[in-house]
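Given the structure is predicted, the values throughout are model-derived calculations rather than measurements. So you know, we letter chains A, B, ... as the sequences are listed, proteins then strands, and number each from 1.
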Protein chains: 2
Amino acid sequence: MSDKKENNLENRAFTEECHTVLNAVSDTLYAVGGKWKLMIIIAMARGSKRFTEIQRQVSGISARVLSSELKELEMNGFIIKKVENGYPVSIEYELLPYSQTLEEVVNAMTKWGIQHRAKVKSEHTAKKSKK
Amino acid sequence: MSDKKENNLENRAFTEECHTVLNAVSDTLYAVGGKWKLMIIIAMARGSKRFTEIQRQVSGISARVLSSELKELEMNGFIIKKVENGYPVSIEYELLPYSQTLEEVVNAMTKWGIQHRAKVKSEHTAKKSKK
DNA sequence: CTGTATCCTGGATGATACTG
DNA sequence: CAGTATCATCCAGGATACAG
């Protein structure tokens, strides 16, 4: 009986912890998931500041999508748009400190992506040599 | 002149490193991005094995989507489907060791998601108290 | 250069019903 | 319980043209 009680408590704690994790990951996916947001931040962390520059780094993104992603990133406090009046007007985007909080996430994903690609490639090679 | 040369070399190295990171993150997003895959893996890591059990943990997922996601996860070597003949037939899904490689990614995302939610909430509160 | 406006399509997802 | 079938819907994102 006390065993059962303990199990219930354990299960409940487990389920709660599970929901915490699930919600947190869900939030992260919502904030920086999708094809582009992280990519843009990475490109900017590497020095890209101008619209066209970012578009060139993040291959495949269209102007329309880049524009709307930049707006969202600005709204969420990741970046800021700076307009310098001059001839011609110069527009630059800059990372705000908050985007640095993503460093761990980006590092983990980079690491995983590299090993995953290696794994897929080795499987592919193994397949070919079997044929 | 040699300054310029060095800069070019540096820039090239920088651009290459940038592409490496971009590609790696892109691969990761492709493999486990999307709304569901990570969530399913998390639920399973917390003990869910049966179809319905997983569906209950991962709130909001439909049977059709869960079914197709499980198939993809199996194809990509994250999980395995085990069928035990009996009365009635029992079907369980199990995580394979490969899904453990995602631990760091999940941890980083969990941590970030939690602090992000806290940040958003505090901003929201600040807004309200200003009104 | 830095975008915006429009139009359009495929694919992802929801709802619901059904099967073994 | 563990899915599949079918239909309807929605929206991210591509293509292209245009604007300040």
> Ignoring backbone atoms, establish whether Tyr93(A) has a side-chain N or O less than 4.0 Å from OP1 or OP2 of dC1(C).
no

> Give a yes or no on this: more than 12 heavy atoms of other residues, nucleotides or ligands lie within 6.0 Å of atom NZ of Lys119(A).
yes

> Atom CD of Gln55(A) to atom C1' of dT2(C): distance rounded to whole Å?
10 Å

> In whole angstroms, how far is the C1' atom of dA12(D) from the OH atom of Tyr30(B)?
16 Å

> What is the distance, to the nearest angstrom, from the CG atom on Leu66(A) to the P atom on dA5(C)?
16 Å

> Any side-chain N or O of Ser67(A) less than 4.0 Å from the OP1 or OP2 oxygen of dG3(C)?
no

> Indicate the ring-plane relationship of Trp112(B) and Tyr98(A), choosing parallel, tilted or perpendicular according to the 30° and 60° boundaries.
tilted

> Could you state the CD1-C1' distance from Ile79(B) to dA2(D), rounded to the nearest angstrom?
14 Å

> How many whole angstroms separate atom CD1 of Ile40(B) from atom P of dG3(D)?
12 Å

> Got a donor-acceptor contact below 3.5 angstrom from the Thr20(A) side chain to the Glu16(A) backbone?
yes

> Do Glu53(A) and Lys49(A) meet the salt-bridge criterion of a basic N to acidic O distance under 4.0 Å?
no

> Return the value, rounded to whole Å, for the distance between atom NZ of Lys71(A) and atom P of dG13(D).
15 Å

> Given atom NZ of Lys81(B) and atom C1' of dT4(D), what is their separation to the nearest angstrom?
11 Å

> Treat primed atoms plus P, OP1 and OP2 as sugar-phosphate and everything else as base, then score nucleotides 12-20 of chain C 5' to 3': B for base contact with protein heavy atoms under 4.0 Å, S for sugar-phosphate contact only, - for none.
-BBB-----

> Could you give the CD-to-P distance, from Glu92(A) to dC1(C), as a whole number of Å?
14 Å

> Val32(A), Ile114(B): one ILVMFWY side-chain cluster at the under-4.5 Å cut-off?
no

> Linking I/L/V/M/F/W/Y whenever their side-chain heavy atoms sit closer than 4.5 Å, directly or via other members, would Ile41(B) and Met75(B) fall into one cluster?
no

> Taking CD in Glu103(B) as the centre, count heavy atoms belonging to other residues, nucleotides or ligands within less than 6.0 Å. Is the count above 12?
no

> Report yes if at least one side-chain N or O of Arg50(A) is closer than 4.0 Å to OP1 or OP2 of dC1(C); otherwise report no.
no

